[in-house]
Asker: 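My questions all concern the structure below.
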Amino acid sequence: MSSIANPFFRTASRTFVYSKASFRGLAYGSVALAAAAAVYYGNNKQPGKGPSNFGTKAFLGGLFGTAEYEKNTREASVDVKPFEDYQKVYNDIALRIREHDEWDDGSYAPILVRLAWHNSGSYDQHDHSATKGGTYAGTMRFEKEQKDPENAGLTAAMKFLAPIKEKYPFLSEGDLWTLGGVVGIQEMEGPKIAWRPGREDQGEEAIPPYHRLPDAAQTTGDYVRSVFHERLGFSDKEMVCLIGVGHAIGRCHTYSSGFDGPWTFSPTTVTNDFFENLLEEDWEFKKWNGKKQYVDAKTKSIMMLPTDMVLKTDPKFRKYVEEYAKDSDKALKDFSVVFSKLLERGVKFPSSTKPMLFQTLDEQGIDDE
Ligand code: HEM
């Protein structure tokens, strides 16, 4: 594992990464395919097709919530490119991540994941107007949405992806930013994430209101559920998985959120370390003039946000933290499904658009040296 702020991490651990990554690729590929199939059939079910359709419908009821979800989706375009074209885009983003290892702990991958999540996290399943949010509309390209205080710092990720957009003008921003998140997860040894294209940029009228993205200073389970269940439609288990695996990577920056530090000692590798750290470390308030947050008592170099700590203090969340702390494979397999679901909130894909699973640069034997 890398130590934090070690710019040589990626190169030094390359051999290790290779074998582990390809094993994981195999292991999670099948899960991701099953997830992809579930999401795919979910969004493309045909009404009135008899008992088998009933099964799908019942399954989807659980997966996507009520019929209200259906009313709050936007139809993705049928006019998409072949898989190979998107694999090329994947490769270019991944190579650009490798090339620009001067950022943070040696990688832009974490901030790309956050960009994809903040695009998705503005979705409101109860909003019937144009401003329903989510990844479809690509409205974070407008200054007004960038200025949502919760989006502070994300322009760096958009700038990083701008040359990719220039090279592949057929990509909508929503497709580009979600694909960026997929690349980020997979290139950090994470599980495969099934992805589909077809989102279409909308105008400023589709900018979602502020305050939909979560406020990290909050301290109750009710608050976390109000965002992830009421608006986004996730279960307790899915919330724990999303937040815990999402916060295994990257770090907080005083210049964007006002919080400071990474959650794990390996912030450029997708792991279940967040869950272990949350349970095993002694946490104390950071002594500083900044926002209220936790640091580990031993090294004072990893952190937790107030909302992260809720996953430990709320008993219904905690049982999943314990499960994921014990079982890394389960945490990453579940994340594969739930992150894909996050990226597709509010988008209905036509049956012709099959879920895509991309190969990592390592799996393709692509070396940048
Ligand atoms: C209660 C829910 C959540 C809250 C309150 C929250 C809050 C935050 C905050 C305050 C930061 C620091 C931003 C900065 O200073 O640059 C951050 C970073 C991050 N978050 Fe979350 N987050 C939540 C859920 C998620 C989810 C669901 C994911 C992904 C699945 C995620 C992925 C990330 C990543 C990857 C970073 C690091 C970005 C970087 O290194 O630049 N977060 N989050």
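Each ligand, and each atom within it, is numbered from 1 in the order the structure gives. Keep in mind it's a predicted model, so treat the numbers as computed, not measured.
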Asker: If you have a sec, work out which protein heavy atom is nearest atom 30 (C) of ligand 1 and how many Å separate them, to one decimal?
Answerer: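 Protein heavy atom with the smallest distance to atom 30 (C) of ligand 1: L242 O, 3.5 Å.
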Asker: Transitively linked via ILVMFWY side-chain contacts under 4.5 Å: L279 with Y294?
Answerer: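 Yes; tracing contacts between hydrophobic side chains, which count when under 4.5 Å, links both residues.
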Asker: Taking non-hydrogen atoms only, is V227 closer than 4.0 angstrom to ligand 1 via side chain, backbone, both or neither?
Answerer: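 Looking at V227 and ligand 1, no heavy atom falls under 4.0 Å.
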Asker: Should the pair F335 and F339 be assigned to parallel (<30°), tilted (30 to 60°) or perpendicular (>60°) ring geometry?
Answerer: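 Ring orientation of F335 relative to F339: parallel.
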Asker: Could D362 and R98 be called an ion pair, given the rule that one side-chain N must be under 4.0 Å from one carboxylate O?
Answerer: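 Answer for the salt bridge query: yes.
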Asker: Tell me, which protein residue and heavy-atom name are nearest atom 25 (C) of ligand 1, and how many Å apart are they?
Answerer: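 The closest one turns out to be W117 NE1, 3.2 Å.
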Asker: Should the proximity of W103 to ligand 1, defined as any heavy atom under 4.0 Å, be assigned to the side chain, the backbone, both, or neither?
Answerer: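 Near ligand 1, W103 shows nothing, with every heavy atom at 4.0 Å or more.
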Asker: Report yes if the distance between the aromatic ring centroids of Y86 and F358 is under 6.0 Å, otherwise no.
Answerer: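 No; F358 has its ring centre 6.0 Å or more from that of Y86.
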Asker: Would you say F228 contacts ligand 1, with heavy atoms under 4.0 Å as the rule?
Answerer: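 Yes, F228 has a heavy atom closer than 4.0 Å to ligand 1.
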Asker: Considering only non-hydrogen protein atoms, determine which one is nearest to atom 36 (C) of ligand 1 and report residue, atom name and distance to 0.1 Å.
Answerer: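 Protein heavy atom with the smallest distance to atom 36 (C) of ligand 1: R114 CD, 3.8 Å.
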Asker: Can you sort out which atoms of ligand 1 are near G250, meaning under 4.0 Å from one of its heavy atoms?
Answerer: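 Ligand 1 atoms under the 4.0 Å threshold to G250: 37 (C), 40 (O).
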Asker: Is a side-chain N or O of R199 found less than 3.5 angstrom from the main chain of Y136, in a donor-acceptor match?
Answerer: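 Judged by distance alone, no pair lies under 3.5 Å.
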Asker: To the nearest 0.1 Å, how far is atom 11 (C) of ligand 1 from its closest protein heavy atom, and which atom is that?
Answerer: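 Looking at atom 11 (C) of ligand 1, the protein heavy atom closest to it is C252 SG, 3.9 Å.
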Asker: Does some non-hydrogen atom of W263 fall short of 4.0 Å from ligand 1?
Answerer: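 Contact present.
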Asker: Where is the nearest protein heavy atom to atom 41 (O) of ligand 1: which residue, which atom, and how far?
Answerer: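 Protein heavy atom at minimum distance: H253 CE1, 3.3 Å.
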Asker: Please identify which atoms of ligand 1 are closer than 4.0 Å to at least one heavy atom of I111.
Answerer: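 Heavy-atom distances to I111 below 4.0 Å select 41 (O).
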Asker: List the closest protein heavy-atom neighbour of atom 3 (C) of ligand 1: residue, atom name, distance to the nearest 0.1 Å.
Answerer: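 In this structure, atom 3 (C) of ligand 1 has P214 CG, 3.6 Å as its nearest protein heavy atom.
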Asker: Give the minimum heavy-atom separation between P208 and T139, together with the two atoms involved.
Answerer: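 Nearest pair, atom of P208 first, then T139: CD-OG1, 3.6 Å.
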Asker: Judged by non-hydrogen atoms, does V224 sit under 4.0 Å from ligand 1?
Answerer: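 Not so, V224 does not reach ligand 1.
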Asker: Are any non-hydrogen side-chain atoms of M140 and L115 less than 4.5 angstrom apart?
Answerer: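 Touching, per the 4.5 Å side-chain cut-off.
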Asker: Return the residue, atom name and 0.1 Å-rounded distance of the protein heavy atom closest to atom 9 (C) of ligand 1.
Answerer: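 Heavy-atom neighbour on the protein nearest atom 9 (C) of ligand 1: L305 CD1, 3.9 Å.
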Asker: Is it the case that the side chain of R141 and the backbone of G138 share a donor-acceptor pair, with hydrogens and angles ignored and the cut-off at 3.5 Å?
Answerer: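 Yes; judged by distance alone, with no hydrogens or angles, the pair exists.
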Asker: Would the W195 and F349 ring centres measure less than 6.0 Å apart?
Answerer: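 Aromatic pair excluded; centres sit 6.0 Å or further apart.
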Asker: Which pair of non-hydrogen atoms, one from K132 and one from R212, has the smallest distance, and what is that distance?
Answerer: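 Smallest heavy-atom distance, with atoms named: O-NH1, 3.3 Å.
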Asker: Counting both backbone and side chain atoms, is some N or O of T307 under 3.5 Å from an N or O of ligand 1?
Answerer: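 No; the residue has no nitrogen or oxygen that sits under 3.5 Å from a nitrogen or oxygen of the ligand.
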Asker: Minimum heavy-atom separation for T353 and R196, please, with both atom names.
Answerer: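 That closest heavy-atom pairing would be O-CD, 3.4 Å.
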Asker: Who gets closest to atom 37 (C) of ligand 1 by heavy atom: H247, Q293, R251?
Answerer: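 Looking at heavy atoms only, R251 sits closest to atom 37 (C) of ligand 1.
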Asker: Which atoms of ligand 1 are found less than 4.0 Å from any heavy atom of S256?
Answerer: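 Selected atoms, number and element: 14 (C), 15 (O), 16 (O).
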Asker: Do any nitrogen or oxygen atoms of S257 lie less than 3.5 angstrom from nitrogen or oxygen atoms of ligand 1?
Answerer: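 By distance alone, the answer is yes.
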